[in-house]
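Contents: one structure, followed by commentary.
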Amino acid sequence: MKFHEMPYERPDLETVKAALSDYIEKLRNAAGYQQAKAVFLEFEKYNEHVGTMGTLAHIRHSIDTRDAFYNEEMKFWNAAGPELQEYGQAWTRAMLNSPFREDFAREYGDLMFVNAELELKTFSPEIIPQLQQENDLTQEYEKLLASAQIPFEGGVYTLSQLTPFKNDPDDARRLAAWKAEGQWYKDNQEKLDAIYDQLVHLRDEMGRKLGYEGYTTLGYYRMGRNCYTKEDVEKFRAAVVKYLVPVADKVYRKQAQRLGKAYPMSFADNALEFRSGNPKPVGTPEDILAQGRKFYDELSPETSVFFRTMLDNELLDVLSTEGKQSGGYCTGIREYKVPFIFANFNGTQHDVEVVTHEAGHAFAYWTNRDRVPGEYAWPSMEACEVHSMSMEFFAEPWADGFFGPDAKKFLYSHLSGALTFIPYGTMVDHFQHEVYANPDMTPAQRHAVWKELLGVYMPWMRLDGEIPFYSEGEGWQRQHHIYSSPFYYIDYCLAQTVSLQFWALIQKDRKDAWDHYMAYTRQGGSRTFTQLLKNAGLESPFEEACLRGVCQAASDWLDSFDLTGIL
């Protein structure tokens, strides 16, 4: 079924609550395992339907945040979600307390119960008002970003549409674009500060109501962290500073030499990798999708069927349009057992990475779409990002079709970008730990923390006030995960570290690398992150030797890469 044909109907909230209560009661009163299993499967199917309605509303709202109908529907779901969570928790308790728990674990694995116990630690009916407010505030933030109308060179652009100008080879034009973007954020500074301040205090309040020191512990539980701790993340951050920051620093010093710029460079100059311009995809968005089809056709039989299904059923919305939410994501439409990709093409190499990165998520969901329970279709967040970031590297042999004459630039840029991203992503995580450890910080104090961390994780950035929004420590406000998905961002860094292992395997034997990838992906969410890695023969990023090893291999490759003739 094509996406636009999928019917949406707002469910009656009281009817849903009654149905969920009935399933809970039936599970509690089941006379044997087969009866309990039948109730469990019915509950799964019903949840699949209700969840699909919420997903359709979310996707259609994000495609056009000005749509009055879906705007109202999102208000409904923002309020209904926390109320339904209470029933979800009651079901979880009934499963955990079921006399047939061992039978369920034998058939479906024990991880569903491990995750269920984590889930119980994230909710109490008394935090429903705070959860509803949190939903409303994150939606307000996303709508604010989507509403941006930035005047530049006689035109008016959204944040996404302005991005190509921020990479323009002309120094004056590029700097002007960065300043124009920064000015929009400055003009909306008061709103951005107020929204985040409310979010921090709401989350801190929820954590305390649930008996924690504040939000951090609750945040880890909400992220489903079932195999590592805050201390493990701290060790990873320390390894990033030790091994990766020096490698990234070397990358930017070479970039400054290519550009003829003094080091450290401004934010605007750091954005330009080559004097002749950053790698750009060739052709129209349709051409990029066609090359994506060629890539997936040739990669494997499984990926061919998957991507053709995506195209045939209009399960990608990738053009940047007015009123569209910024950023990109992949989600699963459970009732139809298909993924959906949302993105904002803007004429940069990001467009190709959407076709590889987000489609990596989508392929993983497609591969595991029939899993029971449905939660096993996806692993935890950091494990999901391995699918997407690694798929980007598998696409590199098809770079000529995506980038034409810029293919060589792209190959260098893609690997160097993977390395230089990790310090930034790690800084995002470190910043959030500081914020939630000190929730009463003023907006100015938060900006000061970000500016201080820039000096630790990104010493290649010149903080001279040329672009005030960035140089004054406010650039974190454009990172929507900080507002809408606290503590998510380190997942990208952990996954990027694993994806660099795949990159190294691809250099030796692409078929063997793909076998490792499928061994990882076919497990879906049936194992924890560290178990998925072990079963696929991969190292954990929490082992210092892992980051040290991938840094050395990638650094050596970049040092030996021939950039002759590329300015």
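Treat the numbers as computed from the prediction; the structure is a model and nothing was measured.
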Intermediate values then yes/no, side-chain contact (heavy atoms from CB on, under 4.5 Å), K209 and M206
CA-CA 5 Å; K209 282 191 173 184; M206 285 191 281; 5.7 Å; no
Side-chain touch [X]/[Y], heavy atoms, less than 4.5 angstrom:
{"X": "M112", "Y": "N115", "result": "no"}
{"X": "E335", "Y": "M6", "result": "no"}
{"X": "K26", "Y": "D22", "result": "yes"}
{"X": "Y157", "Y": "T163", "result": "no"}
{"X": "H4", "Y": "E314", "result": "yes"}
{"X": "T216", "Y": "E213", "result": "yes"}

Only residue of E73, Q139, R66 satisfying side-chain contact (heavy atoms from CB on, under 4.5 Å) with H61 is Q139
Among T122, I127, I128, the one residue meeting side-chain contact (heavy atoms from CB on, under 4.5 Å) with Q85:
T122
State, without any angle test, whether S21 and E25 hold a side-chain donor-acceptor pair at a distance under 3.5 Å.
no
Pair D440-H201, side chain to side chain donor-acceptor pair (under 3.5 Å): steps then yes or no
CA-CA 8 Å; D440 292 326; H201 284 100; 3.0 Å; yes
Is [X] salt-bridged to [Y], cutoff N-O under 4.0 Å?
{"X": "D317", "Y": "K324", "answer": "yes"}
{"X": "E86", "Y": "R93", "answer": "no"}
{"X": "E181", "Y": "K186", "answer": "no"}
{"X": "D136", "Y": "K75", "answer": "no"}
{"X": "E119", "Y": "R222", "answer": "no"}
{"X": "E14", "Y": "K17", "answer": "yes"}
{"X": "E44", "Y": "R371", "answer": "no"}
{"X": "D67", "Y": "R60", "answer": "no"}
{"X": "K121", "Y": "E117", "answer": "no"}

Under the 6.0 Å and 45° cation-pi test, does R369 pair with Y336?
no
Can you confirm if the NZ or CZ of R225 lies within 45° of the ring axis of Y220 and under 6.0 Å from the centre of its six-membered ring?
yes
Should the pair [X] and [Y] be assigned to parallel (<30°), tilted (30 to 60°) or perpendicular (>60°) ring geometry?
{"X": "F267", "Y": "W178", "result": "tilted"}
{"X": "F529", "Y": "F542", "result": "perpendicular"}
{"X": "Y185", "Y": "F469", "result": "parallel"}
{"X": "Y488", "Y": "Y492", "result": "parallel"}
{"X": "Y329", "Y": "H58", "result": "tilted"}
{"X": "W366", "Y": "F306", "result": "tilted"}

Go through it in stages, so that I can follow the logic: the residues are K37 and D103, the test is side-chain contact (heavy atoms from CB on, under 4.5 Å), and I'd like the CA-CA distance, side-chain angles, deciding distance and then a yes or no.
CA-CA 9 Å; K37 176 182 171 182; D103 299 284; over 6 Å; no
Hey, would you say the [X] and [Y] ring centroids sit under 6.0 Å apart?
{"X": "F363", "Y": "H387", "answer": "no"}
{"X": "Y424", "Y": "Y457", "answer": "no"}
{"X": "H447", "Y": "F431", "answer": "no"}
{"X": "Y221", "Y": "Y212", "answer": "yes"}

Should Y228 and E382 be marked as a side chain to side chain donor-acceptor pair (under 3.5 Å) after you check the CA-CA gap, both sets of side-chain angles, and the distance that decides it?
CA-CA 11 Å; Y228 60 93; E382 70 292 291; 2.5 Å; yes
How far apart are the C-alpha atoms of E385 and H361, what are their side-chain angles, what is the distance that settles it, and do they pass the side chain to side chain donor-acceptor pair (under 3.5 Å) test?
CA-CA 7 Å; E385 296 302 339; H361 286 307; 3.1 Å; yes
Please collect all ring-ring contact (aromatic ring centres under 6.0 Å, His included) contacts where either partner lies in residues 89-116, sequence neighbours excluded, each pair once.
Y33-F104, F40-F104, F40-Y108, F43-W91
Check whether more than 12 heavy atoms from other residues, nucleotides or ligands sit under 6.0 Å from atom CD of Q149, and answer yes or no.
yes
Run Y70 and Y8 through ring pair (Phe, Tyr, Trp, His ring centres under 6.0 Å) and show every step you take.
CA-CA 10 Å; Y70 284 108; Y8 170 79; 5.6 Å; yes
Rounded to the nearest 0.5 Å, what separation is found between the CG atom of L218 and the CZ atom of R203?
10.0 Å
